[in-house]
Every structure is written in C-alpha cells, then in structure tokens.
2 protein chains.
Amino acid sequence: MADLVYQQVITDLNKRIMANEFADKKLPDERSLSEQYQVSRSSIKRALNVLANQGLIFKKRGSGTFINPLYLKNQSSFKYEGTNLGITDSLNTEGAQPSIQLLDFQVIPASQELQQDLFLASDEFVYEIKRLRLLDNQPFMIETGYIPIKLVPELNREIVSKSIFTYVQESLKSAVTKSFLSISADVSTAEDQKLLALKPTEPVGVMSGIFFLDEGTPFEVSNMRLHYKYMKYTTFVSTEQ
Amino acid sequence: MADLVYQQVITDLNKRIMANEFADKKLPDERSLSEQYQVSRSSIKRALNVLANQGLIFKKRGSGTFINPLYLKNQSSFKYEGTNLGITDSLNTEGAQPSIQLLDFQVIPASQELQQDLFLASDEFVYEIKRLRLLDNQPFMIETGYIPIKLVPELNREIVSKSIFTYVQESLKSAVTKSFLSISADVSTAEDQKLLALKPTEPVGVMSGIFFLDEGTPFEVSNMRLHYKYMKYTTFVSTEQ
DNA sequence: GAGTGGTCTAGACCACATA
DNA sequence: ATGTGGTCTAGACCACTCG
C-alpha cells in the first residue's frame with residue numbers, strides 16, 4: 001500500500017504535521033526535504049501537491065510551504081480524505097454504530113436512463129437494492145441502488161445487507177474509487193417521513209451519483225434520501241490545474 | 001494564461017475530444033502524444049492527469065487512455081471545471097440572466113467564530129454583506145458574506161452589488177481559487193419563504209464555506225440559503241492519490 | 001542577491017494488459 | 001513479447017518574495 005516513495009513521504013509528513021513538529025507552520029524547503037528523505041525533489045513535489053490538494057498545506061512561490069491553520073483547527077471537516085467512497089464513510093459517523101436494513105432486493109430490466117448511466121445494452125438487467133441505513137438504530141438514509149447483474153452475478157440478500165463496496169473490493173479485486181455526485185434538497189415524501197421519522201415540514205437531502213470501479217467501469221447508480229440533519233457534505237475545492 | 005506547455009496540451013486535447021476526433025474513445029499513447037506535441041512525456045502525463053482529475057478521461061495501465069463516455073453524454077454535470085469559484089458560476093445558470101439585490105451592507109466587529117475562520121485578531125472588523133441573488137428576476141439565493149475590512153478597505157455598496165470575486169481579482173491581482181464548502185439542507189424560515197417565494201413546507205439548501213485567495217489567505221466566510229429547486233451541486237470525486 | 005516554489009526535459013526502470 | 005501507463009531521478013532554467 002505504501003511502498004511508493006511519494007506516498008511514504010506523504011504519510012511521514014502527515015505524521016510530523018499532526019505531531020506539531022512544525023510549530024512555526026512552515027515546512028522545510030523542497031530541496032532540504034529532498035535531502036532529508038533522500039529522494040528526488042520531484043518526488044517531494046509530488047507528495048506536497050497531494051497534501052496541498054487535500055487542503056492540508058499551501059505553497060507560496062518565493063516564500064515556502066505552510067500548514068493550513070484551518071486544517072488543524074477543524075479536522076473533522078476534512079474527514080473525507082483517505083476514506084473510500086462508501087456512503088457510510090463519507091458521512092460524519094463518528095463513533096456511532098452504523099447498520100443496514102434491507103427494504104427491497106430484486107432484479108429488473110435496466111431502464112433507459114440506467115442503460116445510459118451504467119453503459120448497458122437494452123436487454124440487460126440490474127439489481128435494485130433498497131436499503132435503510134441507520135446510526136445507533138436511528139434511521140438517517142434511504143438508499144436505492146442499481147448494479148448491473150453481469151458485474152456481480154452472485155449478489156444475494158446476505159451480501160447486500162452489508163457494505164457492497166467492501167464485498168466488491170474483495171471479490172473483484174477492484175475498488176470503488178471514483179464517483180459523480182449530485183447534491184440537492186427536496187420536500188419529504190410520505191415514505192421519507194415514515195422511514196426517516198420526519199415531520200411533514202421537514203425536508204430531505206438528496207445525493208445521487210454514479211460510482212465507478214478503479215478502471216473506469218460504471219458500477220452503481222445510487223439515489224440517497226437523507227434526513228436533513230444528517231446530510232453534511234464537506235469538501236475542499238481548488239480550481240487550480 | 002495558457003503559455004504553459006501542459007496547459008496548452010490540455011486546451012488542445014479538450015478541443016480534439018469535443019470535436020470527437022477520437023471516435024474510438026481512445027487517445028494516442030503518451031509517447032506518441034509527446035512526439036505529436038513535441039514536448040516531453042512528463043508534460044503529457046501532467047496534462048492527462050488534470051483531465052483525468054476532471055473526469056474527462058481515465059487511464060488503464062497496460063491498455064491506454066480513454067475518454068469517459070459519461071462526460072460526453074452528460075456535459076452539463078461537469079460544468080464546474082474550469083470556472084472560478086464564484087457562486088453564480090458554480091450553479092447551473094445556463095443562459096439565465098443573473099442579478100443581485102443588496103439587502104444589507106455594514107461593518108461589524110468579527111465574532112469569535114469569524115475570528116477563527118478568517119484568521120483575525122479580536123479587535124478586527126468585517127463587512128457583513130447580505131445579498132439576494134436572482135436569475136431572470138427569480139430570487140434563488142440569500143447570501144450572507146463576511147470579509148475582513150483590512151483585505152479590501154475600499155468596498156462600497158456599488159462594488160458589492162456586483163461580483164466581489166471579480167473585483168478582488170482585478171484590484172488585488174489575486175484570484176479566489178480555493179474553498180471549503182459544506183452542503184446541507186434545512187427547513188425554511190419565514191424570511192427564506194418571503195425572499196425566495198417558498199411555501200412553508202418547502203426547504204432550503206444550505207451551502208456554507210470559506211473562500212481563500214490564491215496564496216492561502218482566507219478571504220470570505222459565506223452562508224448561502226438556496227431555493228431547493230436551484231441547489232444542485234455536482235462534483236467528481238476521486239480518492240486516488 | 002539569495003532563497004523558494006514552478007516548469008520542463010530526457011531517460012531509466014517497473015507493472016500491468018493483451019495477444 | 002510488445003505496448004501502455006506509473007514511478008523516479010538529476011538537473012536546467014524560470015518566476016516570485018524579501019531583505
């Protein structure tokens with residue numbers, strides 16, 4: 001997992017930053033780091049770029065590389081880094097016990113939209129998996145997912161009652177590492193209100209997206225309706241190229 | 001803006017992809033591209049990495065580089081790329097005419113939270129800027145922003161009634177290129193309902209965040225409450241490093 | 001002018017895919 | 001075996017900051 005040079009540097013710098021080794025909020029310059037770690041300056045740059053994209057540090061040409069003070073202050077906002085894309089992981093589940101209740105599980109022909117999104121032919125089938133997710137026995141999300149049967153022909157109720165991504169990673173040896181996500185809000189339906197214990201005036205957060213395997217195959221289309229108090233999607237955006 | 005080698009390659013490849021020059025959805029291999037563009041393979045890799053992070057292409061080791069079919073199908077989802085972080089830009093404003101109505105504009109002492117987020121001392125002041133944003137005269141967002149006065153001492157009602165980020169870019173010669181964003185949903189308040197023409201049962205989307213200047217200075221804290229039909233935040237997530 | 005990050009190159013070698 | 005992307009290096013030169 002971490003036999004790559006630049007990843008080792010990332011891991012180590014992360015540790016050093018967390019240990020508050022750089023009390024002045026300034027990292028050594030790249031040439032010194034290259035010397036310290038006995039690796040090329042290019043590898044140092046690569047590591048620093050990753051950390052900068054995560055929002056942990058920022059670089060000023062001509063001045064040096066600095067630790068983002070907000071990162072230390074507000075570490076929980078940055079939780080997203082380093083986790084996988086599994087839903088449970090992308091939420092603030094701190095300490096709470098997640099569980100899953102299977103609401104529905106069947107195989108249906110792929111609708112036209114699903115054919116497009118999952119790159120299927122018109123006669124192909126998908127699993128429809130509807131699950132209620134809970135934290136400490138409090139329901140917080142209704143999730144409806146669609147997965148082409150040809151990708152995982154052996155799914156069953158047992159598997160589907162746990163983390164599908166974990167199963168996929170083990171059986172297909174390909175992780176889910178990419179997704180398109182679209183985030184919005186909506187008035188709650190009667191079903192939402194019942195399942196998520198919402199009052200009629202209370203809304204749901206909606207996250208829908210397509211999840212991809214490592215090598216680019218679209219794996220799942222997912223529609224998630226969340227209790228509005230539980231939806232908090234935090235992200236660091238940088239428009240630099 | 002585009003005198004850098006790798007950016008020129010990005011621009012050109014973008015054009016060629018959009019022109020459907022690669023009908024087989026496969027790009028030439030990196031060594032050929034290096035030859036074609038007369039630049040090093042490293043520069044080609046850098047360009048391809050940017051495009052891959054944007055979700056436009058994906059690479060398979062041992063096989064080649066491919067165009068993401070979903071990108072072409074669903075270009076509007078990907079609009080976020082290449083724009084700046086201005087709110088109006090990050091929303092789907094396609095064709096509609098954006099405008100701004102200034103609701104409130106004053107200077108206040110920074111609260112403790114603002115002091116933390118904007119990295120201020122306890123006696124510093126911020127502008128409080130409350131604006132209603134409209135599209136084709138339809139209100140869709142209430143935005144409350146806080147900006148340290150020391151960063152832009154000369155703000156006035158005139159400036160603030162337009163795009164602040166554009167003004168900053170011109171006067172400070174530093175663009176706003178990074179942000180932390182937190183996205184959630186909420187029940188609408190009486191004020192929301194009045195300003196955004198919402199029914200009592202209809203919710204608002206909430207986006208709050210901190211915007212940074214190029215060089216890392218936190219520039220603005222912003223709280224945005226959106227008509228739920230207008231909030232659609234789309235993003236491409238990749239957990240690879 | 002000295003220090004620091006940014007860009008770019010040319011080339012070596014590795015890991016994976018496909019036939 | 002060949003082709004493809006991934007990692008890594010060593011070094012040149014540029015652009016910006018600051019004293």
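Computation of the quantities below employed the complete heavy-atom set of this structure, encompassing side-chain atoms and omitting hydrogens, waters and symmetry-equivalent molecules. Reminder, nothing fancy here: chain letters follow the sequence lines and each chain counts from 1. Here the structure is a predicted model, which is why all the values come from computation and not from measurement.
Distance A:L48 CG to D:dC8 C1': 16 Å, rounded to the nearest Å. Here the C1' atom of nucleotide C:dT9 and the NZ atom of A:K45 are 15 Å apart, to the nearest Å. Counting to the nearest Å, the C1' atom of C:dT4 and the CD atom of A:E35 are 16 Å from each other. In this structure, A:D24 places its CG atom 13 Å from P of C:dT4, rounding to the nearest Å. Between the CD atom of B:Q7 and the P atom of C:dG6 there is a distance of 13 Å, given to the nearest Å. Atom CG in A:L4 sits about 19 Å away from atom P in D:dG5, given to the nearest Å. Between B:E30 atom CD and C:dC13 atom C1' there is a gap of 15 Å when expressed in whole angstrom units. The CG-C1' distance, from B:L33 to C:dT9, rounds to 17 Å in whole Å.
Counting heavy atoms from C-beta outward, B:E113 and B:D117 have side chains that approach closer than 4.5 Å. Looking only at side-chain heavy atoms (C-beta outward), B:L155 and B:I149 stay at 4.5 Å or farther from each other. B:V126 is not listed as a side-chain neighbour of B:K150, based on a closest heavy-atom distance of 4.5 Å or more. Residues B:E158 and B:Y167 are not in side-chain contact: their nearest non-hydrogen atoms beyond the backbone lie 4.5 Å or more apart.
Summary of the strand contacts: A:S63 and A:R31 both lie near DNA chain D, and taking for each the nucleotide with the nearest heavy atom, the more 5' one is attributed to A:R31. Annotation: of the two residues near DNA chain D, A:I44 and B:N49, the 5′-most nearest-nucleotide partner is B:N49.
With distances taken from any side-chain atom of A:D29 to the nucleotides C:dC8, D:dT9, C:dG5, the minimum falls on C:dG5. Distances were taken from every side-chain heavy atom of B:V39 (C-beta onward) to each of C:dT9, D:dA10, C:dC8; the shortest belongs to C:dT9. Side-chain proximity of A:Y6 to the nucleotides C:dG5, D:dT7, D:dG6 is greatest for D:dT7. Counting only heavy atoms from C-beta on, A:R46 has its side chain closest to D:dT7 among D:dG5, C:dG5, D:dT7.
Residue contacts for B:S43: at a heavy-atom cut-off of 4.0 Å it reaches the sugar-phosphate backbone alone, with no base atom in range. Using a 4.0 Å heavy-atom cutoff across all strands shown, B:K60 reaches sugar-phosphate atoms only and no base atom.
One finds no side-chain N or O of B:K59 lying less than 4.0 angstrom from the OP1 or OP2 phosphate oxygen of D:dT4.
Counting atom types as modelled, A:R61 pairs no side-chain N or O with a base atom of C:dG3 as donor and acceptor under 3.5 Å. In terms of polar N and O atoms assigned as donor or acceptor, the side chain of B:R41 comes within less than 3.5 Å of the base of D:dG5 in a complementary pairing.
Checking each of B:F219, B:F119, B:F180 against B:F212 for a ring-ring contact (aromatic ring centres under 6.0 Å, His included) leaves exactly one that passes, namely B:F180.
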